[in-house]
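Worksheet: one structure, shown below.
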Amino acid sequence: MRSEKNWLLLLGLLVVVLSVGVYGFVTGVSNQLWQASMRTIIESTHQGANALNVQFERDFEDLEQIWRQLAQAEPEAREEMLRYYQAVDPDLRFYQAKRQQGGDKKATGYLSALREEQLAGLVPSHINSLTGENVFNMFVQGRLADGNLAYLVKEYRTREIANQFTLSFYDQTGFSYLVDQRGNIMVRSEHRNSNKTVYNLFDMVAGPENDPQVLAQFEQSVQQLKTGWARFSYNGTGLVFCYEPLQLDAGWLLVSVVPERMISAQTNSILQKTLIFSGLLLALMLLIVAVFYAIKMHENTLHTNELQQALNEADRANKAKGRFLMDMSHDIRTPLNAIIGMTAVARQNVNNPDKMQDCLRKIEISGLQLISMVSDVLDMSQIEQGTLVLRQEPCNLDKLFAETLELMQPKAQEAGLQLEAEPLQLANPQGVGDALRIRQVLLNIIDNAVKYTPAGGRVHLTLTQPEPPQDDQVIYHFCCQDTGIGMDEDFQQRMFMPFERARNTTDSKIAGTGVGLPISKSLLEAMGGHIEVDSQPGCGTTIQLAFPLLLAQDEAAPAEMATYADKRVLLVEDNELNMEIMEELLGLFEVQIAKAEDGRQAVDLVQANPGGYFDLVLMDIQMPVLDGYQATQQIRALPHADAQTLPIYAVSANALAEDVQNSLASGMNGHIAKPVDLDELEKVLRKCLG
């Protein structure tokens, strides 16, 4: 009997110990599961915030870069640049603040709430009056050169941006908001559980069912842009809020909301399985650890995959918007690399004249290529507006063709291609036309052939003069034949449209602006020529051009460079390096140089000296105090006898046709484009000083 009582006592004690152990175990496991769930939700929220940070940071960088260019541009150039950028990204907007009475400047609409000292940020969501869509905006603001306040704004549709941060977890019951520091909901997801009538998170959880101290701590954490989580009750439902600030100066946070019952349901499910096997405590503990680890890893994997997919989508969208600019940047770096590299080589060979000449020649060719590339974008605008102007100047096709081949050979060799050309046998290699445009057309055609011909292929070039000159005009034929991928009939119908490509950059790894062929066709037609294409997929492409040049008159043998030691040139330039370059170039002609660093100094120097003191003025356009146009107008208004006849030439990087017209309209005699060509400078000196 006593033994029986002892066993019962021992059994009771064992039951008590086991119960206490199970209770402690269950409590411990519950707490661990809850903490793990919180870490998972916080990590998911963190990854969602990172996805937005990546996109917003890139967009801010692009927006600030565009702003700097617009802020420095003249109004006409700014309008042209805006049309160009808005063609790439239609969601860009540019606003100038209205000038109020008393001199103050004030924005209108949703921009009116912006502080002038806030240079960049995000504007809360609002309804677009034109589309009726819910949108919010990223902005950059500052002062233009004329002192006016202006804004560059990028618009986001909240529906699209919400799809990027909407997280899917806990059986699709979790969802997210973008809120500001005051708890206002800036962007809400389209999730079925997202409350469409709540506009402020603090108001949502402000009921008596929640602890005021917890509410105060929650509000303080959000206002201070901290990371954390909190539990609240809303309409009788327990909710868990996890919040993570965006890494931008916007005062916004990503807040994930998960029903507490879903977290508890997951925990209870695991505990039920554990209690079924409570008799095997050790095995159960191992099983719980295994299940817990597997679930955690599975959820982390799912969330990581979802995040990676979101990041990939954001990256692809960003690349799609900026592909044109990035491709242009890539292609520009190629000649820049050659210029910088050849400069370094030249420094190492200062005592080797032949090597120095070779480096300088390659730098010159690369510079011409760079000018051609930069001109591509500007050319498209001029062509569309009908303002393209072709030069008429001596053009040696033997030299031009040799320079073009030399420029393209390294690229062909790098691509593993054979670039070959028939020896030139032109009866009239010297003509009159726009040499820069002809080189641009040839480079565009050959460059496309090299890009779309696989390694081991061949590009064959010919330049011929089939017939003798007629009516003081010579017609030249150029043919580029490659063994590349070819083009189908559908693409041949679209190949001369801007930005069309046989393959996109992502698939083919081929960079390019997509405007080379449209520009080439337009330039040829402006010259009076034409282009023909013969191509089949997989069978290569043959492109034939025909373009006329005026027959060049016989010229005397080139004379030695003239000098003008008794002539005075007023050089007006605010950039120190450009001033030094012009001094060196003018020094070749031994002229006397007077210098002015802005338009005001130029006017004062002319006014302070008697009429006829200066023989020529070389005037920069964009300068402080007075620009080149204003300085020219004031010089023309001086009482000097030669105020109206003093030769004044613009020397400016503003080289569009309208820039030349603006120079002439301000009273200048001509226009020299930067970078300055020595031959063109010599012609101006010979005309004005000879």
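Basis for what follows: all heavy atoms, side chains included, without hydrogens, waters or symmetry-related copies. Everything numeric in this text was worked out from a predicted model, so none of it was measured.
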How close do [X] and [Y] get, counting heavy atoms only, and between which atoms?
X    : Y    : value
G433 : Q392 : CA-OE1, 3.7 Å
D398 : P429 : OD2-CB, 3.3 Å
L616 : Y649 : CD1-CD1, 3.9 Å
M579 : K595 : SD-CD, 3.6 Å
L570 : A602 : CD2-O, 4.0 Å
D482 : A449 : OD2-CB, 3.6 Å

Could you state the interatomic distance from [atom1] ([X]) to [atom2] ([Y]), rounded to the nearest 0.5 Å?
X    : Y    : atom1 : atom2 : value
F589 : L681 : CZ    : CG    : 5.0 Å
I475 : Q470 : CD1   : CD    : 7.0 Å
I648 : Q633 : CD1   : CD    : 10.5 Å
E573 : L618 : CD    : CG    : 10.5 Å
N575 : Q622 : CG    : CD    : 11.5 Å
I363 : T343 : CD1   : OG1   : 3.5 Å

Completion exercise
Residue set satisfying side-chain hydrogen bond (donor to acceptor under 3.5 Å, both in side chains) with S535, at least two apart, ordered chain then number -> T541
Could you check whether atom [atom1] of [X] has more than 12 heavy atoms from other residues, nucleotides or ligands sitting under 6.0 Å from it?
X    : atom1 : answer
Q536 : CD    : no
D471 : CG    : no
E414 : CD    : no

Got a donor-acceptor contact below 3.5 angstrom from the [X] side chain to the [Y] backbone?
X    : Y    : value
D642 : G612 : yes
N349 : V345 : yes
Q630 : D627 : yes
Q644 : R636 : yes

Exercise for the section: Would you sort out whether T404 and L400 count as a side chain to side chain contact (heavy atoms under 4.5 Å, CB included), showing the intermediate values? Expected result: CA-CA 6 Å; T404 303; L400 186 151; 4.0 Å; yes
Would you mind writing out the side-chain donor-acceptor pairs for residues 72-79 within the sub-3.5 Å range, not counting sequence neighbours?
residue	atom	partner	partner atom	Å
R78	NE	L70	O	3.0
R78	NH2	A73	O	3.0

Below 3.5 Å, can you tabulate the donor-acceptor pairs from side chains in residues 456-463 to any protein atom, sequence neighbours excluded?
residue	atom	partner	partner atom	Å
R458	NH1	E420	OE2	2.8
H460	ND1	E420	OE2	2.9
H460	NE2	E422	OE2	3.1

Practice task
Starting from the C-alpha separation in whole Å, work towards a yes-or-no answer on side chain to side chain contact (heavy atoms under 4.5 Å, CB included) for D574 and D598.
Solution key: CA-CA 6 Å; D574 68 316; D598 58 57; 5.5 Å; no
Any side-chain heavy-atom pair of [X] and [Y] under 4.5 Å:
X    : Y    : value
I446 : F478 : yes
I581 : V676 : no
M81  : F94  : no
K567 : Q592 : no
E680 : E393 : no
K362 : E406 : yes
V441 : L545 : yes
Q465 : N428 : yes

Exercise for the section: May I ask you to decide whether R58 forms a salt bridge with D62, counting only side-chain N to carboxylate O separations under 4.0 Å? Expected result: no
Handout entry: D679 and K683 ion-paired at < 4.0 Å
Key = no
Exercise for the section: Given side chain to side chain donor-acceptor pair (under 3.5 Å), test Q440 with R437 step by step and report yes or no. Expected result: CA-CA 5 Å; Q440 182 179 358; R437 299 301 190 185; 3.1 Å; yes
Exercise for the section: Run the numbers on V625 and Q601 for side chain to side chain contact (heavy atoms under 4.5 Å, CB included), then give the verdict. Expected result: CA-CA 9 Å; V625 187; Q601 292 184 15; over 6 Å; no
Problem - Chi angles and distances behind the side chain to side chain contact (heavy atoms under 4.5 Å, CB included) call for L63, L92 - result: CA-CA 9 Å; L63 207 62; L92 282 179; 3.4 Å; yes
